[in-house]
Student: 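For reference, the structure I am asking about is given below.
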Amino acid sequence: MTGADNGEIAEGAKGDEVVTEELFGAPAVSVFGQKAAFVERDSYLAFIGAARGAGFEMCADLCAVDYLGNTQRPLPPGVVGERFEVVVNLVSLSAHGRLRARVQVPESDPCVASLFSLYPGTEAMEREAYDLMGIRFDGHPDLCRVLLPDEWEGHPLRKDYVVARVPVQFKAAQPGVTR
């Protein structure tokens, strides 16, 4: 997708037109036949519940994106971009369809509702988003680090994370061994 000068979604790649519509109360776009809804954080759980009730029986993926320094990304009219975004990919096996929900999450309060009550399989995905990006999920049954040690400071997939502060220990070279 390419953005217009004002940052709104204008036209899809290779001339595929973007269709703007409303889906379960949220603005949505369709590019190349795939729908993406831009869900308000306050109505996120209700939106996902409505999608589940409409036949999206599987949550294939949940991840977080850090848009630090990318304020001109394409968004539909009325959607205000925040630093973080939680992206949920839902699948309808019965209708052979996909739906992507995109939720803007502010840096000052990086928190959204947990989807665990609707899709228990999101438990590990939400923990990973918390561990690596620092997004908290209200109502999660065990929101703790899953990949990094408990004493780890910071969230290494954030774009402002200082990579050089991670201590790297190399194996000692064995004397007299050449390769």
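Position 1 is the first residue of the sequence, and the numbers go up from there.
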Student: What distance separates L157 CG from D66 CG, expressed to the nearest 0.5 Å?
Tutor: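 Separation between the atoms: 9.0 Å.
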Student: Around E40, counting heavy atoms of other residues, nucleotides and ligands shown, do more than 12 lie under 6.0 Å from its CD?
Tutor: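 Result for CD/E40: open.
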Student: Tell me whether V88 is reachable from Y67 by hopping between hydrophobic residues (I, L, V, M, F, W, Y) whose side-chain heavy atoms are closer than 4.5 Å.
Tutor: no
Student: Taking side chain as C-beta onward, heavy atoms only, is F137 less than 4.5 Å from T122?
Tutor: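 Contact flag for F137/T122 side chains = no.
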Student: Donor-acceptor pair, S92 side chain versus G97 backbone, under 3.5 Å?
Tutor: no
Student: Counting only N and O atoms by type, is there a donor-acceptor contact under 3.5 Å from the side chain of E21 to the main-chain atoms of S30?
Tutor: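 No, because the side chain of E21 does not come within donor-acceptor range (under 3.5 Å) of the backbone of S30.
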Student: Enter the distance from Y130:OH to C111:SG here, rounded to the nearest 0.5 Å.
Tutor: 11.0 Å
Student: So V65 and F84, do their side chains get closer than 4.5 Å, heavy atoms only?
Tutor: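 A side-chain contact under 4.5 Å is absent here.
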Student: Looking at every non-hydrogen atom in both residues, tell me the closest pair between V91 and R98 and how far apart they are.
Tutor: CG2-NH1, 3.5 Å
Student: Checking side chain to side chain contact (heavy atoms under 4.5 Å, CB included) against Q104, which of V39, L75, V80 comes through?
Tutor: L75
Student: Side-chain contact test, heavy atoms from C-beta onward, threshold under 4.5 Å: evaluate it for P110 versus R158 and give yes or no.
Tutor: yes
Student: Does R127 use its side chain to pair, donor to acceptor, with the backbone of L143 at less than 3.5 Å?
Tutor: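 Answer holds: no.
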Student: Supply the atom-to-atom distance M58 CE to S94 OG, rounded to the nearest 0.5 angstrom.
Tutor: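 One finds 11.5 Å between CE of M58 and OG of S94.
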Student: Could you list all the side-chain hydrogen bond (donor to acceptor under 3.5 Å, both in side chains) pairs where at least one residue sits in residues 132-148, not counting sequence neighbours?
Tutor: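 Of all non-adjacent pairs touching residues 132-148, those that pass side-chain hydrogen bond (donor to acceptor under 3.5 Å, both in side chains) are D109-R136, D131-R145.
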Student: What residue among R100, R41, R102 forms salt bridge (Lys or Arg N to Asp or Glu O under 4.0 Å) with E85?
Tutor: R102
Student: Within a strict 4.5 Å, meaning less than it, do heavy atoms of the L132 and V146 side chains meet?
Tutor: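 Of all side-chain heavy-atom pairs linking V146 with L132, none is under 4.5 Å.
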Student: Taking side chain to side chain donor-acceptor pair (under 3.5 Å) as the definition, give me every residue that meets it alongside D160, ordered by chain and number, with sequence neighbours left out.
Tutor: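 Expected list: R83.
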Student: For A51 and L99, work out which heavy atoms get closest and say how close.
Tutor: CB-CD2, 4.0 Å
Student: Give a yes or no on whether L118 and Y44 share a hydrophobic cluster (residues Ile, Leu, Val, Met, Phe, Trp, Tyr; joining criterion: side-chain heavy atoms under 4.5 Å apart).
Tutor: yes
Student: With the 4.5 Å side-chain cut-off for hydrophobic clustering, are V112 and F24 part of the same group?
Tutor: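 Per the 4.5 Å side-chain linkage, V112 and F24 are co-clustered.
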Student: With rounding to the nearest 0.5 angstrom, report the CD to CD1 distance, E128 to I135.
Tutor: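 Between E128 CD and I135 CD1, I get 12.5 Å after rounding to 0.5 Å.
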Student: So, does E126 use its side chain to make a donor-acceptor pair with the main chain of L115 at under 3.5 Å?
Tutor: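 Answer holds: yes.
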Student: Nearest 0.5 Å please: distance from the CG atom of L68 over to the OH atom of Y161.
Tutor: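 Output value for this atom pair is 15.5 Å.
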Student: How long is the straight-line distance from OH of Y119 back to CG of L90, given to the nearest 0.5 Å?
Tutor: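 One finds 4.5 Å between CG of L90 and OH of Y119.
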